[in-house]
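Below: the structure, in structure tokens.
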4 protein chains.
Amino acid sequence: MSQQSQPKPLRPRKTPSQPRSAETVASIIEAAAQVLETQGFEGFNTNAVAQRAGVSIGSLYQYFPGKDALTVALIHRETARFYQDAAIALTKRSGKAALEYLIGASVRQQLQRPMLARLLDVEEGRPALRGEVAKPETMQNLLVAIIKRARPRHANPEVAAGDLLAIIRGMADAASERGESDIEDLERRLRAAVFGYLSRTGISKG
Amino acid sequence: MSQQSQPKPLRPRKTPSQPRSAETVASIIEAAAQVLETQGFEGFNTNAVAQRAGVSIGSLYQYFPGKDALTVALIHRETARFYQDAAIALTKRSGKAALEYLIGASVRQQLQRPMLARLLDVEEGRPALRGEVAKPETMQNLLVAIIKRARPRHANPEVAAGDLLAIIRGMADAASERGESDIEDLERRLRAAVFGYLSRTGISKG
Amino acid sequence: MSQQSQPKPLRPRKTPSQPRSAETVASIIEAAAQVLETQGFEGFNTNAVAQRAGVSIGSLYQYFPGKDALTVALIHRETARFYQDAAIALTKRSGKAALEYLIGASVRQQLQRPMLARLLDVEEGRPALRGEVAKPETMQNLLVAIIKRARPRHANPEVAAGDLLAIIRGMADAASERGESDIEDLERRLRAAVFGYLSRTGISKG
Amino acid sequence: MSQQSQPKPLRPRKTPSQPRSAETVASIIEAAAQVLETQGFEGFNTNAVAQRAGVSIGSLYQYFPGKDALTVALIHRETARFYQDAAIALTKRSGKAALEYLIGASVRQQLQRPMLARLLDVEEGRPALRGEVAKPETMQNLLVAIIKRARPRHANPEVAAGDLLAIIRGMADAASERGESDIEDLERRLRAAVFGYLSRTGISKG
DNA sequence: TATGAATGAGTGTTCATTCAT
DNA sequence: TATGAATGAACACTCATTCAT
């Protein structure tokens, strides 16, 4: 079938309680990541993922109610990875240090598995997945908190958070697309963009 | 027959010399735009495009050797539209004015047909299309020229151009995704980001 | 998919205007009939039907939006065949003759392609198809008209029509299942059942 | 693995001697009934049955060698239920009273769990199950015995029994499908059909 | 003996592309 | 040159059944 259209559940079918299941689930998600990385969207199909994971297609569907649910799970995995790192920013003394740490985390996330990160950024935008993908809000909130500390008087921390997220992601994406590998330099430019933006916004309002 | 095969030509099959053909080609491209806008990737198939264009699927293939060629043509159309507007920036007196004009053009491009612009940004990234999509280089060059005028001493105009392009596109994309409609405000923030970035980069180097 | 579940259109996709199409459609429906007859429900799948029809699976789906739509089309064909024959009953002089003709038509329908008729009787009952299958109402009306002529004073022609339809179909089904071939005898027993029922119902009411 | 293969045994794997097993078997069969009733054919699968029964799928296969065996067991249960009630007819004084009792039993059977009864009537007809389903013969024999008492001179009690079974089942099925609930009225019409049929058949022979 | 994770053949359906008319 | 019927590889997903634990 379908190749379908009606809303399908996007959450895992069963919470793997048994260790064997947990392994299987993890291996399927990692296989999805690898297929996406190596074959791109074109080759990202459930049969390929199952094969790469070394499980049967039936097993895949035992744990994920549909292809999209698998994608969502992968996004969640990556998001969690990222968020865990990024949350450390909150422990920094100064707002500036927090922002700098966040930039570092973003760069790390984007350049570790660049292809994967970029492809997932796209998938995240698919309307069918919207609402299941927590990242936006969560990251947004994290960044809002950081901005409030770094720029206590900023008039519009929410808007600024959205803009900075877009800036960071956009630049990191482009850099990885270009094949950049000089992390130091990229981070320097990102700091310029971020602090440049902040120093010129949110002062009065109108 | 297979939907995945050897590299297919991505250029239009015939340069439409007769005006009738030119019309047909244009109507197909516009139909592609509309289908992409209204149905998203999911509904973007050649049969739907042909139907919307009011031509037979056979005719579509007479003018475009494959689906990707159609996508490329659409990207070209949009890019040309954008580039034409953006090139006006070069006529501005000051580098600052040129940059501001460019920002305005980007916002216009992104918010006129937001869905279309965003979808095409994604398509552009597909490896299968890379190399046929002129935009990056062209826009890059345009921006390099502008930066050289606005910041004659900038150490790395090429890198800066790449970054600014990413910043502008990232922020505009995100804004349109959020449904923002206050163009004025968006442009103000973009100026902050762009000039903020420029003022903090390219000074020495190390 | 049902590999699916959501309501799918049950009507043919395109009314075949071109003669070639009409042929294809007819051959697909006949193939469906043959597959159902020879393989039963178990073997009744769209690939088998397409193969038997000598067309590709794609062609099948060009004319029928789904498996159920094909089944419905087959039911319609058989129903129309039957109804055309049965309607002749209305031209008979007496109500008795009309009823007898109707019995004959039913027997003919049921014993011509017995397996097919029985299988379709079952399919007709599937909730997913209900509402698209006209037969019940139409035949019901036909029979009501006949009963009104044969038994003008019958108190409940609608109920009687439903009962008689069930009796006729039930007996004919069972006969064909048993492999009976003596049409004469079956018709005699059907007349006994029908007229026996009528002579003992609908007289007063309570 | 294939879902279509060589003939599979249709009888329960083990005659449950231990009371625990008997309970499990019964609960599986009742679960099958409920799934069939609530989900129809579409939802009637072994996993659903096992879950509803509160046993593992493995256990289900411990007691039933396959899905069909489970279906057969359910049919047997219902048939036995019915037969037990129907057999009381034999204790009636007159043949007429016996027939009337049988009609009552049929109506009761059909209207108690109407959906289930109808679905099983269909399943019974599946060739794969034929031969394992005792009902026809047994009920046939019961009815033959009754007819012989009610119409000692009837020339063809076997044929009549088949016809009457078909009539009763057909009418009761249709009634339950229509949602009729007036049992009294349905029984009256059934008596009309049955006695009407008998009074007009089996006299000479032809 | 019970469990339930795993299997994989099978099925419905789509859609890019071709080619006879 | 235009048409649109036809093609079929590819893909998402199901479910009866097995077997290691």
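Proteins come first, then strands; the chains are lettered A, B, ... in the order of their sequence lines, and each starts at number 1.
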5'-most contact on DNA chain F (nearest-nucleotide basis), B:Ser59 vs D:Phe44, goes to B:Ser59
For A:Gly58 and for C:Leu60, locate the closest nucleotide of DNA chain F by heavy-atom distance; then report the residue assigned to the nucleotide nearer the 5' terminus.
-> C:Leu60
Please examine the side chains of A:Leu36 and A:Leu120, heavy atoms only from C-beta on, and report whether any two atoms are closer than 4.5 Å.
-> yes
Using a 4.5 Å cut-off on heavy atoms from C-beta on, say whether the side chain of A:Arg126 contacts that of A:Asp68.
-> yes
Stretch residues 48-57 of chain A: residues that reach within less than 4.0 Å of DNA chain F through a heavy atom | A:Ile57
Interatomic distance, [X] [atom1] vs [N] [atom2] [rounded to whole Å]:
X: C:Phe41; N: E:dT11; atom1: CZ; atom2: P; answer: 15 Å
X: B:Glu42; N: F:dC11; atom1: CD; atom2: P; answer: 16 Å
X: C:Glu23; N: F:dA6; atom1: CD; atom2: C1'; answer: 14 Å
X: B:Tyr61; N: E:dA20; atom1: OH; atom2: P; answer: 18 Å

If you check the [X] side chain, which of [options] turns out closest?
X: C:Tyr63; options: E:dT7, F:dA6, F:dT17; answer: F:dA6
X: B:Gln62; options: E:dT17, E:dA6, F:dA2; answer: F:dA2
X: A:Lys67; options: E:dA6, F:dA12, F:dA5; answer: F:dA12

Going through the distances and angles, do D:Arg77 and D:Glu30 end up as a salt bridge (Lys or Arg N to Asp or Glu O under 4.0 Å)?
-> CA-CA 9 Å; D:Arg77 189 192 77 170; D:Glu30 175 56 22; 2.7 Å; yes
Looking at every strand, decide which applies to D:Asn45 at a 4.0 Å heavy-atom threshold: base, sugar-phosphate, or nothing.
-> sugar-phosphate
For the side chain of A:Ser59 and the backbone of A:Val55, is there at least one donor-acceptor N/O pair under 3.5 Å apart?
-> no
Searching all strands shown, indicate the nucleotide that pairs with E:dA20 (Watson-Crick or G-U wobble; both distances under 3.5 Å).
-> F:dT3
